[in-house]
Amino acid sequence: MPIPFDHKAIDSKWQEYWERTNTFQVTEDEQKKKTYLLVEFPYPSGEGLHVGHPRSYTAMDVLARKRRADGENVLFPMGFDAFGLPAENYAIKTGQHPSVITKKNIENFRRQLKSLGYAFDWSREVITSDPSYYKWTQWIFLQLVKHDLAYKAKATINWCPSCKIGLAHEEVVDGKCERCGTAVEQREKEQWMLKITAYAERLLDDLETVDYAPRIRTQQENWIGKSEGAEFAFKLRGIPGQENDKHEVRVFTTRLDTIYGATFIVVSPETAKFWMDIGWQAGDDVRNYIVDSLRKRELERTETAEKTGVDTGLKAVHPLTDEELPVWVADYVLGSYGTGAIMAVPAHDERDRAFAEKYKLPIIDVVVPSLGQLRGVTDGELQTLELSDHSPAVYAGEGFLINSKDFDSLSTSEARKKIAEAIGAKEKVQYKLRDWVFSRQRYWGEPIPMVHCQKCDWVPVSEEALPVTLPEVERYQPTDTGESPLAAIREWVETTCPSCGGAAERETDTMPNWAGSSWYYLRYADPKNEKELASMKKLRYWLCQAGSPSQRTTCDGGVDWYNGGMEHTTLHLLYSRFWHKFLFDIGVVPTAEPYAKRTSHGMILAEDGQKMSKSRGNVVNPDEVVATYGADTMRTYELFIGPFADTVPWNTQGISGVRRFLDRVWYAFGAYTEEPNRGVASTETNRRLAKLVKKVGEDIELFRFNTAVAAMMEFINYAYEQEATKTPVDLPTLKTFLLLLRPFAPHLTAELWQQLADDKTLIWDMPWPTYNEADLEDASAVVAVQVNGKLRGTVTMATNVSEEAYRIAARENSNVARWLEGKTIRKTIVRKGKLINFVVEE
RNA sequence: GCCGCGGUGGCGGAACUGGUAUACGCGCGGGACUCAAAAUCCCGUGGGGGCAACCUCGUGAGGGUUCGAUUCCCUCCCGCGGCACCA
């Protein structure tokens with residue numbers, strides 16, 4: 001009667017051992033090849049670990065343990081992204097200090113992570129809310145200030161009336177607050193901004209140099225949103241009290257080739273408002289429209305399908321035809337993109353078309369897909385179409401010009417160049433990317449280390465004065481006026497100016513959550529450094545690719561492999577790439593990119609196929625799974641559940657299948673503890689083992705864990721079959737198997753290894769197994785026999801015989817013979833070891 | 001609308017470079033063990049036909065290339081993720 005393994009005893013035995021002996025602590029060992037593997041550090045929420053966390057952590061842990069066995073010096077750290085709203089909201093509710101709550105939550109997370117047996121180097125743990133850490137977050141901010149990449153500006157910000165917090169552009173999803181779902185309002189506020197747009201080009205171009213999963217790369221590209229086009233001006237006429245042609249309106253277009261199709265100009269309400277501010281006397285209807293649309297929230301502006309606008313009465317002069325085009329103001333043109341004004345080409349742009357049709361503005365076709373398709377082409381001569389004679393559908397593609405005077409019949413790309421020359425338009429690159437709103441009116445974040453002085457304006461805190469620590473407060477409630485709770489602590493706010501020594505006030509805004517997580521991977525390299533955020537020497541060791549010349553300060557590389565959730569592949573990744581590039585520019589880090597390779601795991605859904613949530617009551621608690629099945633089962637199940645990058649539902653019955661497999665491994669070894677010499681080595685066993693060694697190693701490197709586990713299950717099933725036939729596999733084979741299973745089930749394999757090892761070796765010190773290419777070869781194989789591509793039988797063939805032997809053997813198969821009877825064989829295809837196909841006449 | 005990914009049994013999913021579709025796991029059916037149940041072990045398990053040997057259909061739909069297509073090409077349908085009045 002087999003007894004299942006006692007996971008509780010085994011798990012705690014080995015976890016204690018690893019902790020006591022610091023098994024996974026690493027140092028900068030120049031003799032070894034380094035590998036830096038990183039997983040996103042968690043936000044230590046009150047709910048504890050979600051089953052989604054271990055998917056990423058276990059995957060990287062398996063790789064870390066495997067690379068370690070390969071002889072590499074593996075840095076695999078863990079920490080906590082500890083500033084954040086939930087802790088602050090909980091503090092508001094209960095009056096407990098966020099730091100107290102955070103500390104408790106971190107302890108719980110640490111316990112849970114340790115219960116899963118991860119090979120983290122805990123000595124390098126970082127916590128973003130720790131002053132010794134955020135000192136350096138503030139230091140980076142000061143460097144940004146010094147290099148003019150941080151500035152304070154009055155900006156329309158997205159304001160969440162429920163959280164009472166200004167949101168970054170990126171935190172607004174469908175016009176709603178990303179956190180609480182409340183509709184976002186627009187508010188004007190003085191905000192610290194970071195000039196990420198200065199890095200747009202490099203953030204885009206350098207995607208070439210890193211290995212990101214395609215969907216991640218596309219997301220980065222979409223977000224940066226580069227468009228290449230031209231910028232030029234239309235002279236304005238009809239401004240009351242102003243000379244004609246004295247003022248102009250600048251437009252940006254990617255389709256300068258369609259300029260002859262421009263029949264009107266549209267300016268955004270923001271641009272029109274600006275004109276009013278500098279003295280334009282707009283009519284009442286125009287004024288009302290502008291004021292109205294500016295008041296509207298962005299959500300309403302983008303939700304309405306119907307386009308609206310009003311004619312300003314102004315005229316813009318077409319630079320090529322001298323025609324006067326009407327100037328409209330409409331909210332489908334955005335104030336925050338390009339010049340805030342466009343030339344409208346209703347024949348070749350869907351939005352302009354919709355607007356033109358509604359307001360009965362002219363439409364002129366100026367591009368056709370190909371010259372041959374042009375109606376009215378006679379003997380190669382182009383005829384001008386009547387203005388009323390435009391095609392019914394918008395054609396937005398490339399092609400050739402018509403109705404464009406001197407530029408007729410040119411290709412669109414050629415026309416863009418020629419027209420730009422003709423009107424003196426300058427090439428312009430536009431990005432969707434906006435500067436990063438860096439201020440939060442909140443307590444539980446890094447104080448922004450700036451001081452406002454009446455005389456000297458904004459002055460940075462001196463570096464020696466860092467960190468600017470968070471003071472104790474009584475109340476954490478943000479105020480409806482939009483001020484941070486810090487503003488109420490007068491003794492903290494009131495300070496002296498670092499520049500003139502006069503009375504001054506501290507900035508009371510704090511940094512967003514993204515700040516601490518933008519550079520944490522650097523701190524892991526040198527977590528206790530009090531002089532720098534991390535020493536260049538250590539950064540070079542962990543970030544530079546193997547073989548980088550050590551005399552140079554820069555190198556290729558980055559974190560070797562970074563895995564995390566899809567929800568962080570746009571913003572977190574972009575922000576930390578921006579900070580890293582900046583730190584590279586000021587000589588603090590050796591690489592241009594932070595992460596050489598980035599992958600993302602799929603979500604784990606509840607058994608019902610829905611997202612796990614407390615309100616649905618379908619949350620799986622990792623503690624319970626570990627208690628019932630053990631850490632190894634939990635780990636292996638999370639990887640076996642499905643392809644790593646796919647979203648998959650949790651399945652409790654599936655877990656017992658994995659536990660059954662591990663029990664079978666346990667039982668399989670039972671007999672050998674008594675009788676180590678039992679079993680026989682066979683060539684079949686050798687071949688299977690060699691294949692398994694190859695497959696498991698390759699699958700781990702490719703993050704195809706589900707198939708690696710399946711292959712190990714198959715091997716154990718084979719071992720069981722061998723028991724049944726009274727020719728059990730030999731112990732050395734099983735021990736090699738154990739080495740392969742080791743990264744998935746580190747506790748169970750450590751235990752079995754200890755019980756079976758005839759010396760004092762520890763399984764995690766054993767090298768990764770190797771295999772002989774020759775052992776992979778099958779001496780014989782089951783070969784499919786087809787007739788006209790349809791399977792009619794199989795024959796077992798030695799692999800080293802001639803094709804003729806294949807033909808003969810195949811024909812001897814009775815069913816095959818039946819199908820060949822009376823037919824003429826036209827052709828025979830033989831793929832040794834695979835199949836043979838007879839092509840016969842019907 | 002644009003970009004990216006995908007569609008295979010009752011379910012999660014395998015399938016190398018175009019070469020025996022459904023590995024592995026779950027579930028289900030049957031058997032062994034047991035007083036019984038659980039656990040464990042063994043056998044079976046895509047649909048249809050046939051006592052069987054076998055035959056036939058079958059990887060979202062339709063077409064194509066090929067001796068041979070889940071895999072390559074074309075057209076279309078559906079799902080997921082991202083972006084979205086970005087000129």
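Quick note on labels: first sequence line is chain A, next is B, and so on, each numbered from 1.
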(request) With RNA chain B as reference, determine whether A:N815 or A:F838 sits nearer its 5' end, using the nearest nucleotide of each. (result)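 Comparing both residues, the 5'-ward one is A:N815.
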(request) Please figure out whether A:A724 or A:T794 has its closest RNA chain B nucleotide nearer the 5' end. (result)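 The residue whose closest nucleotide sits nearer the 5' end is A:T794.
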When all nucleic acid strands are considered with a 4.0 Å heavy-atom cut-off, which category describes [X]: base, sugar-phosphate, or nothing?
X      : result
A:R659 : nothing
A:R818 : sugar-phosphate
A:D663 : nothing
A:V251 : nothing

Between [X] and [N], is there a side-chain N or O to OP1/OP2 distance below 4.0 Å?
X      : N     : answer
A:T647 : B:C80 : no
A:R792 : B:C55 : yes
A:Y337 : B:A87 : yes

(message) Does this structure show an ion pair linking A:D257 with A:R416, if we count only N-O contacts that are shorter than 4.0 Å?
(response)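 Salt bridge flag = yes for A:R416 with A:D257.
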(request) Please determine if A:K691 and A:E777 form a salt bridge, counting it only when a charged side-chain N lies under 4.0 Å from a carboxylate O. (result)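 Looking at A:K691 and A:E777, the cut-off is not met.
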(request) Assign B:G9 to syn or anti; the rule is syn for a glycosidic angle within 90° of 0 and anti otherwise. (result)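 Syn, since the glycosidic angle lies within 90° of 0.
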Could you check which nucleotide pairs with [N] in any of the strands shown, counting Watson-Crick or G-U wobble with both distances under 3.5 Å?
N     : result
B:U40 : B:A32
B:A15 : none
B:G4  : B:C80
B:C72 : B:G64

(request) Among A:T258, A:L320, A:I364, A:V366, find the one that has a side chain to side chain contact (heavy atoms under 4.5 Å, CB included) with A:S404. (result)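 Checked A:T258, A:L320, A:I364, A:V366 against A:S404; only one passes side chain to side chain contact (heavy atoms under 4.5 Å, CB included): A:V366.
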(message) I need the OH-P distance between A:Y332 and B:G1, as an integer number of Å.
(response)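 Interatomic distance, OH of A:Y332 to P of B:G1: 20 Å.
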(request) Round to the nearest Å and state the distance from A:R831 atom CZ to B:U17 atom P. (result)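 Atom-to-atom, A:R831 to B:U17, this comes out as 16 Å.
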(message) Does A:K432 contact B:C83 through a side-chain donor or acceptor facing the base, at a distance under 3.5 Å?
(response)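 Donor-acceptor pair under 3.5 Å: no.
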(request) Could you measure between the two P atoms, the one in B:C57 and the one in B:A69, and give it in whole Å? (result)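 Each nucleotide's P atom is 12 Å from the other's.
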(request) Using the C1' atom as the reference point in each nucleotide, state the distance between B:U70 and B:A61 in Å, no decimals. (result)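 Looking at atom C1' only, B:U70 and B:A61 are 15 Å apart.
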(request) Answer yes or no: are there more than 12 heavy-atom neighbours, outside A:K611 itself, under 6.0 Å from its atom NZ? (result)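 At most 12 heavy atoms, drawn from other residues, nucleotides or ligands, come within 6.0 Å of this atom.
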